[in-house]
Number of protein chains: 2
Amino acid sequence: MVETQVGHKTRSVEQNIFDAAEEIFHEHGFDGARMQEIADRAGINKAMLHYYFRSKDRLFQTVFSAALDRMLQRIVEPLASDLPLGIKIRRFVETYVDELHRHPKMPGFIITELNRHPERLKEAALKHIVPVLPKIQEQIDESVGEGRIKPVEAEDLIVNLVSLCTFPFLARPVMQAVLGADPSRYDAFLDKRKTSITDFVFNALQT
Amino acid sequence: MVETQVGHKTRSVEQNIFDAAEEIFHEHGFDGARMQEIADRAGINKAMLHYYFRSKDRLFQTVFSAALDRMLQRIVEPLASDLPLGIKIRRFVETYVDELHRHPKMPGFIITELNRHPERLKEAALKHIVPVLPKIQEQIDESVGEGRIKPVEAEDLIVNLVSLCTFPFLARPVMQAVLGADPSRYDAFLDKRKTSITDFVFNALQT
DNA sequence: GTCTATATAACGATAGAC
DNA sequence: GTCTATCGTTATATAGAC
């Protein structure tokens with residue numbers, strides 16, 4: 001019983017550290033993050049960070065891998081399903097934009113850190129995403145054969161979808177200012193885009 | 001003549017420092033950049049950086065403002081012209097993607113630093129961009145009235161165009177891996193997108 | 001203007017008591 | 001496991017000779 005309690009307590013502290021590290025790293029990146037700030041937010045001492053994660057680099061790796069895996073999963077999951085192409089696109093945009101609303105800083109975090117250290121992208125993280133491309137291409141070719149949509153490369157279609165959804169979150173400070181919108185109006189704009197992106201893509205594909 | 005020489009020499013050293021700082025800041029961001037590395041690349045001593053720019057923060061501000069102004073100009077210039085909407089779109093995509101090929105790291109640099117310090121976005125930088133929106137909206141409404149294109153918000157169209165062009169450069173490490181492409185093939189993909197983006201947008205607008 | 005040498009502060013990490 | 005105290009290093013920035 002004592003061991004179980006200790007076990008639980010340990011897991012809990014480790015989780016507190018992870019959660020705190022996630023917030024700080026997502027906000028400031030690796031270079032801008034301070035171990036002291038993570039410790040403060042976790043409500044523990046700086047030495048504890050090293051006790052549980054040995055080094056700043058290891059702690060970061062843990063946070064980064066979790067973020068990358070989560071984002072890739074959120075992108076692949078709806079695209080890998082067996083739904084018809086149109087439903088699949090609509091479903092992807094809705095679920096992915098919702099995810100971005102929940103974690104607006106994740107794409108910027110991942111992209112910045114990956115540009116600075118491309119070696120952090122492990123092969124394993126991509127295993128489930130590569131086979132999705134040929135599958136989508138099949139669906140496209142099928143619909144094209146039936147004369148229902150215009151021909152398009154699967155690569156382009158997916159890159160377009162992800163770009164249209166992600167970029168307005170990434171570039172929020174500039175875009176919000178350019179559109180002359182306050183934060184809540186820009187949030188509304190982002191959410192409204194769930195339908196406007198879908199319409200835009202559907203129109204582009206329509207024969 | 002001596003003063004002129006000194007003047008030239010001074011401007012040249014200052015320019016060397018700026019160029020070096022630009023490379024380092026664009027690559028590592030503010031937090032990751034080291035004054036020593038900038039000095040090394042400029043071929044001068046670390047103390048000189050402070051002699052010419054007083055502090056790391058001031059040197060960064062100079063580099064950042066230059067980057068932001070340049071990017072905004074490259075986006076606004078073709079959009080603010082008097083060309084017909086279709087030509088304008090094609091022209092924008094071509095010139096903007098070319099600019100991105102020349103400076104692939106600028107969008108990531110600007111976006112990262114602006115997310116961390118939104119206060120760095122001065123009102124002045126946006127003065128020339130805000131009036132562009134109503135103008136494009138006019139052009140859209142006109143073409144819609146003539147039954148040549150589908151109705152669309154100018155905000156959405158511009159955000160879509162910038163997203164489609166910029167994101168594949170921003171997320172290069174992930175996207176290149178996902179598409180299973182080597183660097184040169186991904187460069188070809190990016191360049192080919194100049195026409196595929198234009199086609200995609202034209203199709204989306206087509207009645 | 002340009003250098004060397006150094007001040008000052010902050011960071012990641014560890015030692016050692018409890 | 002958790003703390004305090006501190007080590008060793010590195011960062012920005014400055015002082016002062018030339």
Side-chain angles (χ1 to χ4, degrees), chain A residues 1-65 109 112-113 116-117 120, chain B residues 1-64 112-113 116-117 120:
Chain A
M1 227 18 188
V2 174
E3 278 191 355
T4 307
Q5 277 184 336
V6 172
H8 274 85
K9 207 177 174 191
T10 295
R11 231 191 335 276
S12 170
V13 171
E14 195 171 324
Q15 189 65 43
N16 281 348
I17 294 175
F18 178 88
D19 292 346
E22 204 165 35
E23 286 190 56
I24 303 299
F25 279 132
H26 284 201
E27 194 171 336
H28 298 116
F30 179 83
D31 292 327
R34 297 289 159 246
M35 295 293 268
Q36 183 62 59
E37 203 180 348
I38 295 173
D40 291 347
R41 188 171 294 246
I44 46 105
N45 192 276
K46 211 173 48 167
M48 297 294 287
L49 301 181
H50 292 90
Y51 178 79
Y52 280 96
F53 290 90
R54 279 184 54 89
S55 71
K56 182 184 181 183
D57 210 85
R58 279 172 183 270
L59 178 54
F60 177 83
Q61 278 288 1
T62 308
V63 170
F64 178 77
S65 297
F109 170 65
T112 302
E113 299 299 337
R116 308 240 235 262
H117 301 282
R120 282 187 165 133
Chain B
M1 231 11 193
V2 174
E3 278 190 356
T4 307
Q5 277 183 340
V6 171
H8 274 85
K9 206 179 175 191
T10 295
R11 234 194 329 278
S12 171
V13 171
E14 196 171 324
Q15 188 66 43
N16 281 347
I17 294 175
F18 179 88
D19 293 346
E22 204 166 35
E23 286 190 57
I24 303 299
F25 279 132
H26 283 202
E27 194 170 336
H28 298 116
F30 179 84
D31 292 326
R34 297 290 160 245
M35 295 293 267
Q36 183 62 59
E37 202 179 350
I38 296 173
D40 291 348
R41 189 173 292 248
I44 47 107
N45 192 276
K46 214 174 42 170
M48 295 295 286
L49 301 180
H50 293 89
Y51 178 81
Y52 280 95
F53 290 91
R54 278 186 54 90
S55 71
K56 182 184 181 182
D57 211 85
R58 280 173 182 270
L59 178 53
F60 177 82
Q61 278 288 3
T62 309
V63 170
F64 178 76
T112 302
E113 299 299 336
R116 307 241 234 260
H117 302 282
R120 283 188 164 132

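Letters go in sequence order (proteins before strands), and every chain restarts at 1.
Residues D19(B) and Q15(B) have side chains that bring a donor and an acceptor to within less than 3.5 angstrom of each other.
Residue contacts for M35(A): at a heavy-atom cut-off of 4.0 Å it reaches the sugar-phosphate backbone alone, with no base atom in range. Within 4.0 Å of A33(B), counting heavy atoms only, lie sugar-phosphate atoms of the nucleic acid but no base atom.
Of the listed nucleotides (dT2(C), dA13(D), dG12(C)), dT2(C) has the atom at the smallest distance from the side chain of V13(B). For A47(B), the side-chain atoms get nearest to dT14(D) when compared with the rest of dA13(D), dT14(D), dT2(D). Comparing dG1(D), dT4(C), dA13(D) by their nearest atom to the side chain of N45(B) picks out dT4(C).
Summarising the geometry, the separation between CZ on F30(A) and P on dC11(C) is reported as 14 Å, rounded to the nearest angstrom. Here the P atom of nucleotide dA13(D) and the CZ atom of R34(B) are 12 Å apart, to the nearest Å. Regarding I24(A), its CD1 atom lies at a distance of 12 Å from the P atom of dG12(C), rounded to whole Å. Taking atom CG of D40(A) as the reference point, atom C1' of dC11(C) lies 14 Å away to the nearest angstrom. The distance between atom CG of N16(B) and atom P of dG1(C), rounded to the nearest whole Å, is 14 Å. Across the protein-nucleic acid pair, I44(B) atom CD1 and dT2(C) atom P stand 8 Å apart, rounded to whole Å. dT14(C) atom P lies 15 Å from atom CE of M48(A), rounded to whole Å. Here the P atom of nucleotide dT14(C) and the OH atom of Y52(A) are 17 Å apart, to the nearest Å.
If you look at F25(B) and F64(B), their ring centroids are not closer than 6.0 Å. Ring to ring, F18(A) and F60(A) are not that close: their centroids are 6.0 angstrom or more apart.
OP1 and OP2 of dA13(D) both lie 4.0 Å or more from every side-chain N or O belonging to R54(B). A close approach under 4.0 Å does not occur between any side-chain nitrogen or oxygen of Y51(A) and OP1 or OP2 of dA13(C). Proximity of H50(B) to the phosphate of dT14(D): no side-chain N or O atom is located under 4.0 Å from OP1 or OP2.
With respect to the salt-bridge test (charged N to carboxylate O, under 4.0 angstrom), the residues R116(B) and D31(A) do not qualify.
For the pair K46(B) and H50(B), the tightest heavy-atom approach, listed with the atom from each and the gap, is O-ND1, 3.6 Å.
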